[in-house]
Amino acid sequence: MAKPTPLSGFPELLPEQRFVEQQVVDTLRHTFELHGFAGIETRAVEPLDQLLRKGDTSKEVYLLRRLHEESAEGHAGIGLHFDLTVPFARYVLENAGKLEFPFRRYQIQKAWRGERPQEGRFREFTQADIDIIGRDELPFHHDVEVTRVMVDALTRLDFLPGFRVQVNNRKLIQGFYAGLGIDDTDEVMRVVDKLDKVPVDKVRDLLVAEAGLDEKTADRVLSLATIRATDDSFVEDVRALGVEHELLDEGLAELAELVSACADLVTDRVRLEADLSIARGLDYYTGTVFETRLDGYESMGSICSGGRYDALATDGRSTYPGVGISLGVSRVVVPLLARTGLTASRKVPSVVLVAVVDEESRADSNAIASALRSRDIPCEVVASAQKFGKQIRYAERRGIPYVWFTNADGGHEIKDIRSGDQVAADPAAWTPPSEDLRPQVLMKETEL
RNA sequence: GUGGGUAUAGCUCAGCUGGUAGAGCGCCGCCUUGUGGUGGCGGAUGUCGCGGGUUCGAGUCCCGUUACUCACCCCA
């Protein structure tokens, strides 16, 4: 078979890279569970009608079909999910009778989109979602809660660059627009959303040309969108624009509360700010909206987004309002692996390589390995009984820090191949320093 | 879906106006007969993405194609 080439948009990692990704996933799961979120997994596929509810994204859906499909449509009427929110909404409706509300869950899974790949954008990728969903009502303090959980998680991912979490509130925007007499609020939001990439003047032109605003209104829309603050001082700035609307008041109050309630979690590495340009393209958000930028990778766009959705799920008798955030695990990890020296301290979990004197005595080496494993020390026995120099090189290639030797007289010695130190050791008692026990995430040399 | 770029050794790439395929790193062996790394010496490896065309001759020029990649769209 000819050498296979990589499939664009379907990233695969080397073991030392996968270790980094796994550390991210483990940290997220740990944090989510610390906050009492239950883990679930939904199937990879959803009926097409569920997936198509989200509008534009529908053209990105991968359909499933049997090779010998006989239905008229040529497919099975199901497709791979493109996010975890839509499957979750379906899951809640399906299991509403068995779940406790408010229901708090996390979900870390693959999703698929048929988009053209780019840096940080894939056709198959891992997302980590947290959502809280209520029956018929969900108090606003849960908006605060999911924000605090995600900020906590980002803080614990301390081997990654910093993050800037940007929050806004759709009620605030829609109230402001309504107060200005704008009809097509969705189109205006879509254009305003370009502010991070397109210069203000261009956005103003677009607001006039595409959203049909007059120049004066466009300027006021932009005045709102350029307001930013790391505390609730933005409220005064918005008031100063002189627009009045009930929804605007509601949105301002919520956003101010959210920013204030998270102030104690903010650090130099993980910041939170009210950014009134954030709107989110998706139309199901009804209140709080989030986006998150990774320091040094701002051009990649948001790596962690979400918001409040009051009407995504309904079964006719009840509605299930929710609030959630989704972190793009692949989107963060893969570009960092490619562009920086982020990697694992070794290529294998083994902290010890047990040397083999000759093939006849391999069983003795296996016994030593078993003794170490019984005390939870990851280790492996060398693949072939070559010269000891070769066996040490076997360990060195893999980054295994210790090699275990057995002398002719049956005595045991362990060598730290980084320092060259070799000391007598007891298979039943020797323990590596805790920092060596597991591979570590580290930044190899400083390129860039 | 639209527009640009690239494709040569395991990896990163060089190869001028066409003349039999190169470097660095890595890999293997020996110096080093059972303890690696540094050093010295030696060695192996290519359908030059694929198909066609022009030419005495194509990695090089032309056409097509596929893959990868970047930007737009949209988004994690």
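Worth knowing before you read on, the calculation uses all heavy atoms, side chains too, and leaves out hydrogens, waters and symmetry mates. By convention in this document, chain letters (A, B, ...) are assigned in the order of the sequence lines, proteins followed by strands, and residues within each chain are numbered from 1.
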For [N], does either OP1 or OP2 sit under 4.0 Å from a side-chain N or O belonging to [X]?
X        : N     : value
A/Lys194 : B/C75 : no
A/Gln118 : B/A71 : yes
A/Ser305 : B/C75 : no

Whole-Å gap separating [atom2] ([N]) and [atom1] ([X]):
X        : N     : atom1 : atom2 : answer
A/Lys390 : B/C27 : NZ    : C1'   : 12 Å
A/Phe290 : B/C75 : CZ    : P     : 18 Å
A/Phe82  : B/C74 : CZ    : P     : 16 Å
A/Arg393 : B/G36 : CZ    : C1'   : 8 Å

Does one side chain, of [X] or [Y], offer a donor that lies under 3.5 Å from an acceptor on the other?
X        : Y        : answer
A/Glu380 : A/Tyr394 : yes
A/Ser361 : A/Asp358 : yes
A/Glu16  : A/Thr343 : no
A/Arg375 : A/Thr431 : yes

TODO: Determine, for A/Asp436 against A/Arg346, whether the closest basic-nitrogen to carboxylate-oxygen distance falls under 4.0 angstrom.
DONE: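 Between A/Arg346 and A/Asp436 there is no salt bridge, as every charged N stays at least 4.0 Å from the carboxylate O atoms.
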Looking across every strand, which nucleic acid part, if any, lies under 4.0 Å from [X] by heavy atom: base, sugar-phosphate, or nothing?
X        : answer
A/Ile417 : base
A/Tyr394 : nothing
A/Gly389 : sugar-phosphate
A/Val329 : nothing
A/Arg418 : base
A/Gln391 : base
A/Glu396 : base

A/Phe388-B/G36 aromatic stacking (under 5.5 Å, under 30°):
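Here the ring of A/Phe388 and the base of B/G36 are not stacked, as the 5.5 Å and 30° limits are not both satisfied.
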Could one point to a donor on the side chain of [X] or the base of [N] with an acceptor on the other under 3.5 Å away?
X        : N     : answer
A/Arg121 : B/A76 : no
A/Glu115 : B/A76 : yes
A/Arg331 : B/C75 : yes

Measuring from the side chain of A/Arg116 (C-beta onward, heavy atoms only), which nucleotide among B/C75, B/C28, B/U2 has the closest atom?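 Closest nucleotide among those given: B/U2.
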| With rounding to whole Å, what would you report as the distance between B/G59 and B/G49 at their P atoms? |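 B/G59 and B/G49 have their P atoms separated by 10 Å.
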